[in-house]
Every structure is written in structure tokens, then in C-alpha cells.
Student: 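Take a look at the following structure, please.
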Amino acid sequence: MQKLITMSTKGEYFPLEVAVLTDERVLKMIEKHKAKGFGTYLFLLTELRMHQDYTMGMTALRTISRARRISMKSLESIIYDFDLFVIEGEGENLQISSEYMQRVMSALEENRKKRVKAGKKGAASVGRDSTGKFTGIDGAEEKRIEEKRREENSREIIKETGAAAVDNSYSHFPEVDLTANPVVTSWEKHLDEAIQDESWVEVLAIHSQLGCMFTRYFKEIVEEFRRHIKLKSKGRALHSVADVKDYFSNFLNPGTDIHRRLLSHFALLEEEERRRKKNIFEMIDSKTGQRTYCGIIIPPDAPPRPSETADWSHEQNCWVA
């Protein structure tokens, strides 16, 4: 029987690759079981992470079923129907593991060993005093070493997770003439192919947390993504459809500056659309907000003009047909 890791699990994790959402097996699972299926898949991976050798048996499966209120039928479908897990034995001798978990944890452990080895080597050559400060170097050199360490850690995180780094540095959506260069580059062909993948687009919509605005403004989102790549010259790093999907997914990561600007921009469009529909029989000056019809000024507190034949009566203080 597989034993749970006895040490504290605080600080323990496993890398979740962005590319998992482009895996055909995962997409088929989501197509059948929707978002609940993906959540169940993550529960199973998390359970595996807490077992030695990342392998669990029937007892762990029953525990997940009871604790997470997931039927055994649903769990068995996720495990058996999509080739996402390695199954050995049956019944009480069942052993479940995951090639994905084995691979990402192996890479993580290898990188940890490298960092430990590099740390020991650096400590031996540089050293720190009792306060933790570097010794034998000046302040500028200490700052350079610290910055290099953070840069290397960032690169390793990207390598471990398979994630592409999105540049969020610009503070507004610049206007880029998309017709200036009519030549369709290879990354644009990959993008056109990616957005034709309906299953992936559905997953991307869930990931973006944009709700109904994702569907309503999907064309605008795609064009903004194109502008971002061209402005930042990122196209040369996108060699396949998978690369584009990974980068697009990171582009729409909730909580980033880009995501917040998209939400703000779409909210403004929604408000303008509501005002347009509300005041369909009026003209509104975009600069002053002054409402008019047929050149006649409408009082600011007047209700929306109800029809194209309605006139405002100052005597009755209302619209009259």
C-alpha cells in the first residue's frame, strides 16, 4: 500500500504546465465532463503529489470520492477513458500513477539539486557574515549577484512550467496599423489555426475569467493579441500552434495589467452600448454629453426620447407624440 509523505506538505507543490490545456487528451476530457472534469483531474494530480513515488491505490481513490463528493463513476471515467493515467493491477491491488506527474516532478527535483549545488559552490567562493550579507565584495557586486540569482530563478520557473513569459510593460493599448505589412507571417498562420480550435477557445474563455465579454469581444481580443506580438516583436519566438496557444493563454492571465486593461476597455464599450440603446432616438455629444434631437437641446434630467416622432414639451415637462 502506498504511504502518504509524512513530512509537512507546506511549501510543497507540483508544476502545472500551461500546455496542459492544449493536450488533446485533456481537451477531450473537458469536452465530455466540462470544467468539473478538469477540477477532478487536478484533485487526482494533487493526491498523487502527496504520495511516495507519486502513486496511489484504491483507498486514496475512495478518499477523494468521499472528501470531494465526486462519484466513483466520474473518477473512473477521468482515470480510464482519456489515457491520462498509468494503471497497474485491479481491485484492491490497483496502482495509479501519471506520466505527467513523474515528468514534471523529476525535472523539478533535478533543478532543485542544481540550485543546491550552485548555492554551495557560490557560498564557498563568496561567503556571508553573521548577518547574512556577502563578504569580500562591494555593494554593487552584491546587488549584481542577487539580480542574477532572481533572473536565473525566473528562467527555471518558466522552464519547469513550460510557460511563455508575457511582457506586460506597456501601460495602454497603442494603435498599430495592421495593414502596413500585408505579409502574413508564420506565427499569424499559427494564430489563425489556433482560434479555429473550438475546444481550446472554450478552455481559453474559462481561463480568462472574462465571462460573457470573452465571447462578445473575441475578435477584439485576438486583434489586441496580434498588436501586442507585433509591438513587442515576439513573433520570432512563436514557432508552432502550441507556442501561440501557450503565449495567448499567458496573455489573458487574470490579475495582469493587460487583463485589467481589457476588462476596463470592455466595460467602457458595454456602457457605451447601453447608452446607445437607451438613447437610440437622440444624439449625444461625446465631449460635452449634451443630448439633442433634430438640433433641439434635451434637458439633462429628461428621460430617454421614446420614439423618433416624440417632441419635448417644456410646458408639460415630458415627451409628447
Side-chain angles (χ1 to χ4, degrees), residues 2 4 9 12-51 53-105 161-163 193-216 218 221 241-242 244-255 259:
Q2 294 296 323
L4 283 171
T9 57
E12 295 299 317
Y13 65 96
F14 67 90
L16 181 60
E17 297 177 346
V18 174
V20 74
L21 293 177
T22 64
D23 189 311
E24 291 295 331
R25 299 169 299 175
V26 174
L27 292 176
K28 289 179 180 178
M29 176 191 66
I30 293 174
E31 184 176 359
K32 180 177 179 179
H33 294 284
K34 310 305 178 187
K36 185 177 180 180
F38 187 66
T40 301
Y41 176 59
L42 293 182
F43 277 136
L44 290 166
L45 289 181
T46 303
E47 184 70 21
L48 285 174
R49 175 63 182 86
M50 293 189 292
H51 286 259
D53 300 325
Y54 314 118
T55 302
M56 64 182 176
M58 181 59 73
T59 301
L61 208 58
R62 293 195 187 101
T63 300
I64 295 175
S65 179
R66 289 193 303 270
R68 307 304 179 187
R69 297 183 180 180
I70 304 171
S71 69
M72 287 296 293
K73 182 178 179 181
S74 296
L75 286 173
E76 289 172 354
S77 176
I78 301 297
I79 292 171
Y80 288 103
D81 295 347
F82 305 100
D83 197 28
L84 290 168
F85 296 91
V86 177
I87 309 299
E88 295 181 359
E90 57 184 16
E92 295 303 317
N93 296 320
L94 179 69
Q95 295 292 297
I96 304 168
S97 60
S98 163
E99 292 181 352
Y100 170 83
M101 181 61 71
Q102 298 287 346
R103 175 173 58 79
V104 297
M105 289 307 300
T161 61
E193 184 177 343
I195 62 178
Q196 297 302 315
D197 185 342
E198 295 182 359
S199 297
W200 172 74
V201 171
E202 289 178 4
V203 174
L204 185 65
I206 296 172
H207 168 74
S208 72
Q209 297 182 17
L210 291 173
C212 295
M213 289 189 289
F214 179 91
T215 303
R216 193 174 299 126
F218 182 61
I221 292 172
V241 174
V244 170
K245 287 181 176 180
D246 288 349
Y247 196 84
F248 208 154
S249 179
N250 281 334
F251 178 78
L252 291 180
N253 273 343
H259 190 270

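Please read all numbers here as calculations on a predicted model, not as lab measurements. Only this structure's heavy atoms are used, side chains among them; waters, hydrogens and symmetry mates stay out.
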Student: Measuring from D83:CG to E24:CD, what's the distance to the nearest 0.5 Å?
Tutor: 13.0 Å
Student: Decide yes or no for V86 and E99: does some side-chain heavy atom of the first lie under 4.5 Å from some side-chain heavy atom of the second?
Tutor: yes
Student: As an exercise, state the distance from CD1 of I221 to CG of L204, rounded to the nearest 0.5 Å.
Tutor: 8.0 Å
Student: Using the side chain to side chain contact (heavy atoms under 4.5 Å, CB included) definition, which of the options E76, M29, K32 pairs with D81?
Tutor: K32
Student: Locate the shortest heavy-atom distance separating W200 from A194; write the atom from each residue and the value.
Tutor: CE3-O, 3.3 Å
Student: I'd like to check L75 versus F43 (side-chain heavy atoms, cut-off strictly below 4.5 Å). Are they in contact?
Tutor: no
Student: Mark yes or no for whether R25, through its side chain, and L84, through its backbone, hold a donor-acceptor pair below 3.5 Å.
Tutor: no
Student: Closest approach of Y13 and R49, non-hydrogen atoms and distance?
Tutor: O-NE, 2.8 Å
Student: Would you give the length of the straight line joining atom CG of L94 to atom OG1 of T59, rounded to the nearest 0.5 angstrom?
Tutor: 10.0 Å
Student: Would V26 and V203 count as a side chain to side chain contact (heavy atoms under 4.5 Å, CB included) if you check the C-alpha gap in whole Å, the side-chain angles of each, and the deciding distance to 0.1 Å?
Tutor: CA-CA 10 Å; V26 174; V203 174; over 6 Å; no
Student: Run the side chain to side chain contact (heavy atoms under 4.5 Å, CB included) check on I30 and Y41 step by step: do they pass?
Tutor: CA-CA 10 Å; I30 293 174; Y41 176 59; over 6 Å; no
Student: If you measure from the Lys or Arg side-chain nitrogens to the Asp or Glu carboxylate oxygens, is any gap between E17 and K245 under 4.0 Å?
Tutor: no
Student: Ignoring hydrogens, what is the shortest heavy-atom contact between S98 and L48? Give both atom names and the distance.
Tutor: CB-CD1, 3.7 Å
Student: Give, for atom CE of M72 and atom CD1 of I64, the distance between the pair rounded to the nearest 0.5 Å.
Tutor: 9.0 Å
Student: Rounded to the nearest 0.5 Å, what separation is found between the CD atom of E202 and the CG atom of L21?
Tutor: 12.5 Å
Student: Could you check if a side-chain atom of L27 sits within less than 4.5 angstrom of a side-chain atom of F38, using non-hydrogen atoms only?
Tutor: no
Student: Would you say H259 and L210 make side-chain contact, with heavy atoms under 4.5 Å?
Tutor: yes
Student: In Å and rounded to the nearest 0.5 Å, what is the CG to CZ distance from L44 to R68?
Tutor: 10.5 Å
Student: Might you point out which heavy atoms bring S208 and P254 nearest each other, and give the distance in Å?
Tutor: O-CG, 3.8 Å
Student: I would like to know whether Y54 and Y100 meet ring pair (Phe, Tyr, Trp, His ring centres under 6.0 Å); could you show each step before the answer?
Tutor: CA-CA 10 Å; Y54 314 118; Y100 170 83; over 10 Å; no
Student: Please name the pair of heavy atoms, one in T55 and one in Q95, separated by the smallest distance, quoted to 0.1 Å.
Tutor: CG2-OE1, 3.4 Å
Student: Taking it one step at a time, do Y247 and V18 satisfy side chain to side chain contact (heavy atoms under 4.5 Å, CB included)?
Tutor: CA-CA 9 Å; Y247 196 84; V18 174; over 6 Å; no
Student: Just by distance, do the side chain of S249 and the backbone of D246 share a donor-acceptor pair under 3.5 Å?
Tutor: no
Student: Where is the tightest heavy-atom contact between Q102 and S97, given as atom of each residue plus distance?
Tutor: NE2-CB, 4.4 Å
Student: I'd like to know if the side chain of S77 pairs up with that of H33 as donor and acceptor (distance under 3.5 Å, no hydrogens or angles considered).
Tutor: yes
Student: Report the C-alpha separation of N253 and H207 in whole Å, then their side-chain angles, then the decisive distance to 0.1 Å, and conclude whether the side chain to side chain contact (heavy atoms under 4.5 Å, CB included) test is met.
Tutor: CA-CA 7 Å; N253 273 343; H207 168 74; 2.8 Å; yes
Student: Angle between ring planes, F218 versus F214, binned at 30° and 60°: parallel, tilted or perpendicular?
Tutor: tilted
Student: So, does S65 use its side chain to make a donor-acceptor pair with the main chain of I70 at under 3.5 Å?
Tutor: yes
